[in-house]
Amino acid sequence: VSGAVTFNVRSGGYTEHFELFDVPGASATNTITFQSESGDSTSVVLSYNATTTVDNYVIKLTSADYVTFKSLTIAGSNSSYCDIIVLSGNVSHLKILNNIISISANSSGSGIYSYQNILNDIVISNNKIIEGGTVIYMYGNYDSKSLGLEVSGNILNNQNNYGIHLYYQNAPVIKGNTISSNDYSYY
């Protein structure tokens with residue numbers, strides 16, 4: 001990209017999943033934003049029914065930087081395979097803002113999931129994340145701790161495991177979240 005790019009998604013339901021890789025030219029000024037055209041997170045619903053571990057995501061970022069997801073509903077419907085946003089490789093400068101993230105009830109899936117990756121400057125703010133196992137699961141890299149994680153102002157509702165589960169994060173900021181669960185008391 002050679003400038004900031006915004007995808008204004010029209011109102012409606014979309015049965016889809018996608019993987020976004022590193023985008024040449026992405027930077028602090030050349031950002032990539034996916035957002036509801038109306039600004040209403042309930043007006044755009046991106047959903048997917050994963051059937052295997054290979055396609056267990058609605059959105060997967062693989063070493064993608066300077067990406068924002070804003071004011072969308074992102075949902076998974078399979079209770080066996082139900083990770084919603086998966087971060088893979090070295091992801092930095094990601095913003096997940098004002099979304100509704102819906103994980104299948106009675107699922108062990110995660111709303112936002114990363115395992116043994118290097119993540120820097122990730123902001124997860126003002127989202128409503130419903131159901132699932134561990135809602136936000138960020139397992140960093142032992143040798144190179146992730147920096148700049150902020151989880152703030154989110155509502156995590158009715159998960160059946162942990163609300164927020166972090167490993168190998170250097171000085172994460174966790175503030176102003178509301179976590180409630182009928183099943184367990186892990187936060």
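Side chains included, hydrogens not; waters and symmetry mates left out as well; all remaining heavy atoms used.
- The closest side-chain heavy-atom distance from Y66 to N30 is not below 4.5 Å.
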Walk me through whether S104 and S77 qualify under side chain to side chain donor-acceptor pair (under 3.5 Å). CA-CA 5 Å; S104 180; S77 56; over 6 Å; no

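- V173 places none of its side-chain heavy atoms less than 4.5 Å from the side chain of V151.
- In this structure the side chain of V5 never reaches within 4.5 angstrom of the side chain of T31, judged on heavy atoms.
- The aromatic rings of Y139 and Y115 are tilted relative to each other, their planes meeting at an angle between 30° and 60°.
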Would T178 and L156 count as a side-chain contact (heavy atoms from CB on, under 4.5 Å) here? Give the steps. CA-CA 6 Å; T178 301; L156 312 179; over 6 Å; no

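- Checked against a 6.0 Å centroid threshold, the rings of Y162 and Y137 do not count as neighbours.
- Between A26 and I32, the shortest heavy-atom contact is CB-CD1, 4.2 Å.
- Contact of the L87 side chain with the L94 side chain is registered, since non-hydrogen atoms from C-beta on lie closer than 4.5 Å.
- Side chain of N126 to main chain of N98: no donor-acceptor pair is present (N/O by atom type, distance under 3.5 Å, no hydrogens or angles).
- In this structure the side chain of S41 never reaches within 4.5 angstrom of the side chain of N99, judged on heavy atoms.
- Judged by distance alone, the side chains of N141 and Q116 never bring a donor and an acceptor atom under 3.5 Å apart.
- Using a distance-only test at 3.5 Å, with no hydrogens or angles considered, no donor-acceptor pair links the side chain of N170 to the main chain of S146.
- Shown here are the salt bridge (charged side-chain N to carboxylate O under 4.0 Å, His left out) partners of E150, two or more places apart in sequence or in another chain: there are none.
- With N78 contributing its side chain and N49 its backbone, the two residues share no donor-acceptor pair below 3.5 Å.
- Residues I155 and I124 are members of separate hydrophobic clusters, defined by side-chain heavy-atom contacts under 4.5 angstrom among Ile, Leu, Val, Met, Phe, Trp and Tyr.
- Residues V86 and Y14 fall into different hydrophobic clusters, defined by Ile, Leu, Val, Met, Phe, Trp and Tyr side chains chained together at heavy-atom separations under 4.5 Å.
- Checking side-chain atoms of S125 against main-chain N and O of S152 turns up a donor-acceptor pair under 3.5 Å.
- Cluster membership for I74 and Y57, using ILVMFWY side-chain heavy atoms within less than 4.5 angstrom, is not shared.
- In this structure, V44 and R10 approach most closely via the heavy-atom pair CG2-O, 3.4 Å.
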Working for side-chain contact (heavy atoms from CB on, under 4.5 Å), residues T6 and Q35: CA-CA 7 Å; T6 300; Q35 65 185 15; 3.4 Å; yes

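- One finds the CD1 atom of I103 at 8.5 Å from the CD atom of E131 (value rounded to the nearest 0.5 Å).
- The CD1 atom of I84 sits 12.5 Å away from the NE2 atom of H17 when rounded to the nearest 0.5 Å.
- Looking only at atom types and distance, the side chain of T42 has a donor-acceptor partner in the side chain of D40 under 3.5 Å away.
- When V123, I136, L166, D121 are each tested for a side-chain contact (heavy atoms from CB on, under 4.5 Å) with L149, only one passes: L166.
- Contact annotation: the side chain of I96 approaches that of N127 to within less than 4.5 Å [non-hydrogen atoms, C-beta and beyond].
- L147 and I164 fall into different hydrophobic clusters, where Ile, Leu, Val, Met, Phe, Trp and Tyr are joined by side-chain heavy atoms under 4.5 Å apart, directly or via other members.
- In this structure the side chain of M138 reaches within 4.5 angstrom of the side chain of Q169, judged on heavy atoms.
- Side-chain N/O atoms of S36 and S43 include a donor and acceptor closer than 3.5 Å.
- Distance CZ/F7 to CZ/F69: 10.0 Å, rounded to 0.5 Å.
- Put simply, OH on Y81 and CG on D55 are 9.0 Å apart, with the number rounded to the nearest 0.5 Å.
- Between S180 and N157, the shortest heavy-atom contact is OG-OD1, 3.1 Å.
- A donor-acceptor contact under 3.5 angstrom links the side chains of E19 and T62, judged on distance only.
- Donor-acceptor pairing under 3.5 Å is recorded for the side chains of S92 and D65.
- The two residues V67 and A64 come nearest to each other via the heavy atoms CG2-CB, 4.3 Å.
- Expressed to the nearest 0.5 Å, how far CD of Q159 lies from CD1 of I129 amounts to 9.5 Å.
- Note that the NZ atom of K145 and the CG atom of L119 stand 13.5 Å from one another [nearest 0.5 Å].
- Between H165 and T134, the closest side-chain pair of non-hydrogen atoms falls below 4.5 Å.
- Residues Y113 and V135 do not share a hydrophobic cluster, clusters being chains of Ile/Leu/Val/Met/Phe/Trp/Tyr side chains in contact below 4.5 Å.
- Closest approach of H93 to I122, counting heavy atoms only: N-CD1, 4.5 Å.
- The side-chain contact (heavy atoms from CB on, under 4.5 Å) with F34 is formed by just one residue from the set L46, T68, L20; it is L20.
- Contact record, Y168 with Y142: CE2-CD1, 3.2 Å, taken as the closest heavy-atom pair.
- I100 belongs to a hydrophobic cluster whose other members, connected by ILVMFWY side-chain contacts under 4.5 Å either directly or through intermediates, are I130.
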